[in-house]
Amino acid sequence: MGSLLVDDIGELVTNVAGTGDGSPLGLRRDAAVLIEDGRVAWVGPARYAPAADRRVDARGGAVLPGFVDSHAHLVFAGDRAAEFAARMAGEPYTGGGIRTTVGATRAASDGQLRATVHRLVGEALRQGTTTIETKSGYGLTVADEARSLRIAAEVTAETTFLGAHVVPAEYAGRPDDYVGLVCGPMLAAAAPYARWVDVFCERGAFDADHARAILTVGQAAGLGVRLHANQLGPGPGVQLGVELGAASVDHCTHLSDADVDALASTTMDRVSGPATTTVATLLPGAEFSTRSPYPDARRLLDAGVTVALATDCNPGSSYTSSMPFCVALAVREMRMTPAEAVWAATAGGARALRRDDVGVLRPGARADLIVLDAPSHLHLAYRPGVPLIRQVLHNGVPQCRS
């Protein structure tokens with residue numbers, strides 16, 4: 001593959017604290033990045049850049065780590081545009097539309113599901129996402145959950161078993177029986193293709209006891225814990241996630257003071273190391289698409305909670321694959337600064353996946369980076385909706401160019 005030098009960088013976001021300008025973004029001016037064998041080999045002033053076999057000219061644009069989208073639902077079939085139109089006309093969001101997608105997904109062929117996954121991953125990559133997590137959860141049978149994860153594992157290592165998305169229609173009135181299926185045959189079939197286990201712990205889905213049972217069995221099978229929590233209203237999800245050492249609790253729209261304190265306590269615990277941190281992953285695309293209140297990111301950040309941003313890409317409540325869009329929403333609607341939002345969409349997403357090789361640009365990290373057609377990261381929020389991603393490099397290989 002040889003070496004590759006990215007230079008003529010106007011502003012470099014490294015996300016390495018203590019370097020550059022001393023901010024969490026670790027900003028450097030007039031910098032260069034050397035890539036060898038798909039990894040960052042050197043970062044420093046352009047005038048000291050080593051020789052390389054090839055060159056990418058950033059033309060004075062900003063360079064950032066690739067976005068890390070730590071929450072998406074890409075394995076599905078069907079369309080729920082009519083449901084979106086109804087919400088825009090005033091109907092409330094309840095989560096009930098998930099079952100519509102379950103029916104379409106069960107009826108789809110492997111080829112149809114695979115085509116959707118590849119289309120959305122490609123769409124996300126063109127918008128700067130170089131690491132993406134995706135879940136099952138629209139099959140809700142043993143065979144359909146296993147095949148969803150098998151297809152997902154073709155495009156990402158960050159796969160999540162979400163058999164506990166909702167109770168399917170054939171188990172209506174028998175949630176205990178369905179939880180037994182999830183904890184037994186379904187988990188056994190899905191675990192070989194999954195890194196994580198997740199539960200939608202909300203009213204109308206799964207209560208704390210069911211969620212604890214599923215997550216505990218998943219942990220025993222070697223899966224890491226994630227959790228949908230406190231999206232539709234106050235609930236036990238955040239507290240349960242912290243109790244079980246979840247890598248991330250996602251949504252976090254309706255939080256009590258105790259919830260915020262619990263999340264902050266994991267960030268401040270340095271005895272067991274940073275792997276104990278439970279990240280609050282915020283999904284502003286869902287609030288945009290459902291006309292719901294946005295999470296108060298400022299409250300979480302001021303309490304010291306580690307925050308990530310993700311798209312929640314799914315056909316019902318957040319049909320966007322655009323991390324730049326989520327950055328702009330976070331700044332406009334959730335009281336985040338542009339720097340905080342960019343960090344949350346890169347390094348924050350990596351923390352939510354317990355990864356230290358993505359979301360940063362430092363020697364040894366994976367060479368995932370994006371070149372903006374703009375001089376600063378500020379333009380991601382300053383110019384919402386504008387296609388600012390000029391070029392994407394994934395594992396050091398140029399993927400697409402505007």
Side-chain angles (χ1 to χ4, degrees), residues 4-36 38-50 56 58-70 128-131 267 270 273-275 277 279 297 301 304-309 323-324 326-327 330-331 336-372 374-382 388-396:
L4 174 66
L5 184 70
V6 183
D7 64 359
D8 194 15
I9 299 170
E11 174 189 86
L12 178 66
V13 174
T14 66
N15 286 337
V16 179
T19 64
D21 66 345
S23 75
L25 291 185
L27 297 179
R28 288 177 173 266
R29 310 288 176 181
D30 300 318
V33 178
L34 180 69
I35 297 168
E36 294 178 345
R39 297 276 169 171
V40 176
W42 177 89
V43 178
R47 63 185 179 276
Y48 299 129
V56 168
R59 307 196 321 247
V63 171
L64 293 74
F67 295 120
V68 180
D69 187 352
S70 61
T129 297
T130 51
T131 301
T267 301
R270 299 304 180 194
T277 300
V279 174
L301 291 163
V305 176
T306 301
V307 171
L309 290 175
M323 288 292 278
C326 292
V327 166
V331 172
M336 297 182 83
T337 68
E340 289 168 339
V342 165
W343 190 95
T346 52
R351 297 277 184 92
L353 295 174
R354 292 195 171 158
R355 297 278 295 273
D356 60 9
D357 62 329
V358 296
V360 295
L361 293 176
R362 63 181 174 215
R366 204 168 73 182
D368 292 347
L369 55 87
I370 54 180
V371 181
L372 299 186
S376 169
H377 70 280
L378 296 171
H379 285 240
L380 289 167
Y382 177 45
L388 294 178
I389 309 300
R390 182 192 299 153
Q391 190 165 18
V392 180
L393 281 77
H394 181 42
N395 287 324

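Along the sequence shown, the residues carry numbers beginning at 1. The model shown is predicted, which means the values in this text are computed figures rather than measured ones.
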Report task. Return the set of residues passing salt bridge (charged side-chain N to carboxylate O under 4.0 Å, His left out) with D356 (not counting sequence neighbours), or none when no residue passes. Result -> none
Query - Partners passing side chain to side chain donor-acceptor pair (under 3.5 Å) against T131 (at least two apart in sequence or in another chain) - result: R366
Report task. For A381, enumerate each residue passing the side chain to side chain contact (heavy atoms under 4.5 Å, CB included) test, keeping only those at least two apart in sequence or located in another chain. Result -> V331
Query raised in the report: Which residues satisfy the salt bridge (charged side-chain N to carboxylate O under 4.0 Å, His left out) test with E340, sequence neighbours excluded?
Result: R298
Report summary line: Residues passing the ring pair (Phe, Tyr, Trp, His ring centres under 6.0 Å) test with H394, sequence neighbours excluded, are none
Query raised in the report: Is there a side-chain contact between L372 and I389, using heavy atoms and a 4.5 Å cut-off?
Result: yes
Query raised in the report: Does any non-hydrogen side-chain atom of V16 lie less than 4.5 Å from one of V43?
Result: no
**Report entry** Check: L353 main-chain N/O paired with S70 side-chain donor or acceptor under 3.5 Å
**Finding:** no
Query raised in the report: Are there more than 12 heavy atoms of other residues, nucleotides or ligands under 6.0 Å from atom CZ of R362?
Result: no
Query raised in the report: Does any non-hydrogen side-chain atom of V63 lie less than 4.5 Å from one of L361?
Result: yes
Report summary line: Value for CG (L5) from CD (E36), rounded to nearest 0.5 Å, stands at 10.5 Å
Requested in this report: Kindly compute the distance separating OG1 (T277) from CZ (R354), expressed to the nearest 0.5 Å.
Outcome: 7.5 Å
Query - All side chain to side chain donor-acceptor pair (under 3.5 Å) counterparts of D357, not counting sequence neighbours - result: R355
Requested in this report: Specify the closest pair of heavy atoms between G26 and T14, including all atoms of both residues, with the distance to one decimal.
Outcome: O-OG1, 2.9 Å
Requested in this report: Please list, chain by chain and in numerical order, all residues satisfying side chain to side chain contact (heavy atoms under 4.5 Å, CB included) with A46, sequence neighbours excluded.
Outcome: A32
Query - Sequence neighbours excluded - salt bridge (charged side-chain N to carboxylate O under 4.0 Å, His left out) pairs with any residue from residues 8-19 - result: E11-R29
Query raised in the report: What residues, two or more places apart in sequence or in another chain, satisfy side chain to side chain contact (heavy atoms under 4.5 Å, CB included) together with P375?
Result: H379
Report summary line: Only residue of L393, D368, V358 satisfying side chain to side chain contact (heavy atoms under 4.5 Å, CB included) with T130 is D368
Report summary line: To the nearest 0.5 Å, atom CE of M336 lies from atom CG of L309 at 4.5 Å
Query raised in the report: Taking all atoms of both residues into account, what is the closest heavy-atom pair of P45 and R28, and its distance?
Result: CD-NH1, 4.3 Å
Report task. Please lay out, stage by stage, how L369 and I35 fare under the test side chain to side chain contact (heavy atoms under 4.5 Å, CB included). Result -> CA-CA 11 Å; L369 55 87; I35 297 168; 4.0 Å; yes
Can you give me every donor-acceptor pair (side chain of residues 341-352, partner residue at least two apart or in another chain, under 3.5 Å) with its distance?
unit_1: T346; atom_1: OG1; unit_2: N15; atom_2: ND2; d: 2.8
unit_1: T346; atom_1: OG1; unit_2: V342; atom_2: O; d: 2.7
unit_1: T346; atom_1: OG1; unit_2: W343; atom_2: O; d: 3.3

Query - Gap separating the OG1 atom of T129 from the CE atom of M323, nearest 0.5 angstrom - result: 5.5 Å
Query raised in the report: So, for Y48 and W42, which heavy atoms are closest and what is the spacing to 0.1 Å?
Result: O-CZ2, 3.7 Å
Query - Atom pair CG (D30) and CD1 (I9), whose distance is rounded to the nearest 0.5 Å - result: 9.5 Å
Query raised in the report: What residues form a side chain to side chain donor-acceptor pair (under 3.5 Å) with T306, not counting sequence neighbours?
Result: T267
Query raised in the report: Within a strict 4.5 Å, meaning less than it, do heavy atoms of the V13 and P65 side chains meet?
Result: yes
Query raised in the report: How long is the gap from CG on L64 to CG on L388, to the nearest 0.5 Å?
Result: 10.5 Å
